[in-house]
Protein chains: 2
Amino acid sequence: MGAVTAKGAATRQRIVEGAAAAIRDIGVMDTTLDDVRARTATSKSQLFHYFPGGKEELLLAVARFEADRVLSDQQPYLGDLTSWASWQAWRDQVVDRYRRQGRQCPLNVVMSQVGHSTPGAQAVVTELMRRWESEIAAGVRHMQAAGEIGPAVQPEEAAAALLAGIQGGVLLHLSTGRLTHLEAALDMGIRHLRGSP
Amino acid sequence: MGAVTAKGAATRQRIVEGAAAAIRDIGVMDTTLDDVRARTATSKSQLFHYFPGGKEELLLAVARFEADRVLSDQQPYLGDLTSWASWQAWRDQVVDRYRRQGRQCPLNVVMSQVGHSTPGAQAVVTELMRRWESEIAAGVRHMQAAGEIGPAVQPEEAAAALLAGIQGGVLLHLSTGRLTHLEAALDMGIRHLRGSP
DNA sequence: CCCCTTCTGGACCTGCCGGTCCATTCTGCC
DNA sequence: GGCAGAATGGACCGGCAGGTCCAGAAGGGG
């Protein structure tokens, strides 16, 4: 039953990407299954064939798809925070990513619909944040080992604060259209690390 | 036409508060006008009598209602950040507010539905953030005048970073259920200010 | 070439929910 | 007490969007 051909997998992928694009364009709450159907040149039965759980399951797949992009868009710098130059490059990359993305955070917008209710969706965002934070903390630890950050700094706490600043900066970017908060949070966080004993 | 009796005003208020409660309980996208009607012991015609713009206008009123609470819940400390003790009390109050509120941010959840699309809703959140940030910046400036914070710190940038940390901390609280990010962001931000030349 | 599974198309159904309407009751004022 | 305007009750509607169903095409092992 679980058998799926290459063609089927391609269709499924097309549906997810089309749904993601639709959500980016018109928002979650205005995106209907018919919109997705039209965009992806599929039929209603295909949607339910690949996502028996209906709309909720499709949204979850979209959330996973978008969550993966968030981290991969930050590579290779995020995975290699081993010098202040890397930190700065990473900072610039994050800011630029959200500048290019404009006032749209597909993941945030998906989560706010399906997020707090269903455990599956919550797991997606929790896991994303866990990995994100863990990569930052690894960077802090590496800089500590190199003597660039003082031993008094707790890597987990610093990573948590930095991540919170990023999330809030992005959120404020969505609301106000300005990137100043994101930049301020990153700059202040990094400056704090650099100046720590 | 714009005439409204005391009774009418009371009903309108009851509707807003009931709608806010409903949204807190079951989420925006699951809250129907019938839910609000049942909760507030009103009739359909009353809803449209007081909110001719329908659901969208009602949601906007709820957003305003919740936005007002956000700032007033932080008083009196937020308006009087004139000593490190005040800053700490404010920090504790913010953390405690969101601890008590649980994993619900009515404002965030309302904005995510109606937020990015309509200009009215956007104005509500933008204005809230502007006032919030401005009060923090005033606190920074006051501490600078008292010589407790170095002159190198730019009040606006510091306030922006702090606000971003708070927003992100709250967002992560919603997702993960933990307050560690909010605490870390506030603590790191304040520590940075205290240790600044 | 045959048969079984997967894949696709699209008509159809159905419940829900925002919104409309009018009749009735209440309120305040002269 | 009567009347104008506000407030209320609730039946009704219309469309839309999620979901179902079945018939048929495609595909791929044997």
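Below, chain A is the first sequence line, B the second, and so on; all start at residue 1.
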Atom [atom1] of [X] to atom [atom2] of [N]: distance rounded to whole Å?
{"X": "Glu56(B)", "N": "dG18(C)", "atom1": "CD", "atom2": "P", "value": "13 Å"}
{"X": "Arg14(B)", "N": "dT8(D)", "atom1": "CZ", "atom2": "C1'", "value": "11 Å"}
{"X": "Leu33(B)", "N": "dT20(C)", "atom1": "CG", "atom2": "P", "value": "11 Å"}
{"X": "Arg37(B)", "N": "dT20(C)", "atom1": "CZ", "atom2": "C1'", "value": "15 Å"}
{"X": "Phe51(A)", "N": "dG18(D)", "atom1": "CZ", "atom2": "P", "value": "15 Å"}
{"X": "Asp35(A)", "N": "dA17(D)", "atom1": "CG", "atom2": "P", "value": "7 Å"}
{"X": "Leu58(A)", "N": "dA17(D)", "atom1": "CG", "atom2": "C1'", "value": "14 Å"}
{"X": "Leu59(A)", "N": "dA17(D)", "atom1": "CG", "atom2": "C1'", "value": "14 Å"}

Open item on the list: Tell me whether the side-chain N or O atoms of Lys55(A) pair up with the base of dG19(D) as donor and acceptor below 3.5 Å, since no angle test is needed here.
Closed with: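 Side chain to base: no pair present.
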Task: Distance-only donor-acceptor test (3.5 Å): side chain Lys44(B), base dG19(C) - done: yes
Kindly point out which of [options] is positioned nearest to the side chain of [X]?
{"X": "Tyr50(A)", "options": "dT8(D), dG18(C), dT8(C)", "answer": "dT8(C)"}
{"X": "Lys7(B)", "options": "dG27(D), dC26(C), dA6(D)", "answer": "dC26(C)"}
{"X": "Thr32(A)", "options": "dG18(D), dG9(C), dG19(C)", "answer": "dG18(D)"}
{"X": "His49(B)", "options": "dG10(C), dA7(D), dC7(C)", "answer": "dA7(D)"}

TODO: Answer yes if the side chains of Gln46(A) and Ser43(A) hold a donor-acceptor pair under 3.5 Å, and no otherwise.
DONE: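 Their side chains do contain a donor-acceptor pair, which is all the 3.5 Å distance test asks for.
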Task: Distance-only polar pair, side chains of Glu133(B) and His181(A), donor-acceptor under 3.5 Å - done: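 Result is yes, a qualifying pair exists.
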Open item on the list: Once you apply a heavy-atom cut-off of 4.0 Å, does Ser45(B) come out as touching a base, just sugar-phosphate, or nothing?
Closed with: base
Task: Straight-line distance of Leu193(B) CG to Ile149(B) CD1, nearest 0.5 Å - done: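 It is 4.5 Å, given to the nearest 0.5 Å.
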TODO: Between Phe48(A) and Ser43(B), just flag the one whose closest nucleotide in DNA chain D comes earlier from the 5' side.
DONE: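 Taking each residue's closest nucleotide, the earlier one in sequence belongs to Ser43(B).
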On the nucleotide [N], are OP1 or OP2 found under 4.0 Å from the side-chain N or O atoms that [X] carries?
{"X": "Thr5(A)", "N": "dC7(C)", "answer": "yes"}
{"X": "Thr11(A)", "N": "dC7(C)", "answer": "no"}
{"X": "Gln46(B)", "N": "dA7(D)", "answer": "no"}

Open item on the list: Is any side-chain heavy atom of Met143(B) closer than 4.5 Å to one of Leu81(B)?
Closed with: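 A side-chain contact under 4.5 Å is absent here.
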- [ ] Using a strict 4.0 Å threshold on nitrogen-to-oxygen distance, state whether Glu66(B) and Arg24(B) make a salt bridge.
- [x] yes
